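This report concerns only the one structure given below.
Note that the structure is a prediction, hence the values are computed from the model and not measured.
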Amino acid sequence: MKIDIKFGTDGWRGIIAEDFTFANVRHCAQSMAEHLKETGTADNGLVIGYDTRYASDRFAVAVSEVIAANGIKTYLCSNATPTPVISFGVANRKAAGAVIITASHNPPEWNGFKIKAATGSSAPHEVESSIESRLPNIIRRGTTQRIPLDEGLANGLIQYIDLYPAYVEHINNLVDVKNIRKAGFKVAVDSMFGAGSGYLKSIISGGRTKIYEIHGEHNPLFPGLRPEPIPPHLSQLSEYIKENYAVVGFATDGDADRIGVVDEQGNPLNALQLFALLALYWLEVRKERGALIKTVATTNMIDKLGKLFDVPVYVTPVGFKHVAPKMMEENALIGGEESSGFGFRGHVPERDGILSALCFLDLMVSLNKTPSQLVEYLYKTVGPHYYKRTDLTFPPADRAYLIDRLSKAKPDDFTNKALIETGTADGFRFLMEDESWLLVRFSGTEPLLRIYAESESTTQTDDLLSQARKIMGV
């Protein structure tokens, strides 16, 4: 039987018991071990973590048994742990990297083999390619090494670790958590049954601010929701806020590297508003200066903040694996993407939903504003911006036809505004004279078309999306 394991964004993901099996996970672990030994980084050891999905803890043990059998020191998380906590643990321990068993925001039948580099950020493409390229030979020869967990623990090759204390100490040095505790906020948190359960409550507890958590228990079926903190999946959090008069709500995805925010009226903020507000926090409240890193699918509000505070703005392709290297290169203040993942200077160059929530709370305390008031303040600073994204499926055979239609499209096909810039670095992007923009991207892994638009009114944004669909006939 042919086994086809392909590494894409943040490693490999598959359906549990179909392709994401113990045998295949061990194959990936063996390939990871051989990569570490060949690159001379094996002596630094490897951190192994996991989320709350079905059998994630047992898959993590399987990885540890293979890594340890290859003579590599293995640090196995003692409980389900958020990805950002593991990322910090890698950098803090100066480990060679990490393997995290998680499928992030995917539906419950999925799981994944996520790889982190020594910096704590996502592994570069060349690392994933190296691990993927070894797999056919490993599978063919059937030489995956393995020692029992008990033996690995006894001989010291496997060691249980708790990454929580060091992470919390570090976070308390980045954000004034004491002020948040004293604020007296009523905060709702939807952990979406994920690995972030209990983290915000534990960090903030001990003062007048109270945290009320929903979906904080362990349930790998994620009943009634998909663990992705975007507006369509935040209805239960919104209702909780309205019924219990919370001042703000936060949701973290399955591995807590992404964040969703709901205001005091039960209205979700979109990712672009959140990105701009977090940038404003570091620039205006914290008085820090540094580059801002965004992807092609994020907001022009970042560009306006860059001009207002005289800091550079750099644009990358979509995906935090592109954002993180630029953050390190520029010692950037903040980096963000349209899927609500944000990283900050002074921390690991990786998304952190827990730290993002704390920064947002500190912004509320510092400016003495509710979330809806913060959005009003932001729009007074940079002008109103309305964003929307539409995802469409299409027959795979139509891909070339759709690309041809887009490449031949003229600016006035979309709007009567003059075009000032086009880009094809990651999809087809059109920037108009009034700073409205449209982006059309094709998924690299499935027949999915993503259309993004931002303008100064909801009507104009809807029109841009509608015109894009008409041009492509979808």
>> Run Lys73 and Asp43 through salt bridge (charged side-chain N to carboxylate O under 4.0 Å, His left out) and show every step you take.
In response: CA-CA 7 Å; Lys73 179 74 175 185; Asp43 290 346; over 6 Å; no
Taking [X] first and then [Y], would you say they form a salt bridge - that is, a charged N and a carboxylate O separated by under 4.0 Å?
X      : Y      : result
Arg345 : Glu288 : yes
Glu338 : Lys294 : no
Arg53  : Asp51  : yes
Glu38  : Arg134 : yes
Glu65  : Arg146 : yes
Lys37  : Glu34  : no

> Taking the inter-plane angle between the rings of Tyr212 and Tyr240 on a 0 to 90° scale, is it parallel (under 30°), tilted (30 to 60°) or perpendicular (over 60°)?
Replying inline: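 Because their plane-to-plane angle lies in the 30° to 60° range, the rings of Tyr212 and Tyr240 count as tilted.
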> Should the pair Tyr167 and Phe88 be assigned to parallel (<30°), tilted (30 to 60°) or perpendicular (>60°) ring geometry?
Replying inline: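 Aromatic pair Tyr167/Phe88 classed perpendicular.
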> Hey, mind stepping through Glu350 and Lys116 against salt bridge (charged side-chain N to carboxylate O under 4.0 Å, His left out) and telling me if it holds?
Replying inline: CA-CA 10 Å; Glu350 189 53 281; Lys116 294 296 177 183; 2.6 Å; yes
> Yes or no on salt bridge (charged side-chain N to carboxylate O under 4.0 Å, His left out) for Lys114 and Asp257, after CA distance, side-chain angles and deciding distance?
Replying inline: CA-CA 13 Å; Lys114 182 180 285 191; Asp257 63 355; 3.6 Å; yes
> So is Arg93 actually on top of Tyr75's ring, under 6.0 Å and inside 45° of the axis?
Replying inline: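 That pair qualifies as a cation-pi contact.
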> Does NZ or CZ of Arg58 fall inside the cone over Tyr54's six-membered ring, less than 6.0 Å from its centre and within 45° of the axis?
Replying inline: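 Yes; both conditions hold, so Arg58 lies above the ring face of Tyr54.
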> Quick one: do the Asn111 and Thr102 side chains pair a donor with an acceptor below 3.5 Å?
Replying inline: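 Per modelled atom types, Asn111 and Thr102 side chains form no pair under 3.5 Å.
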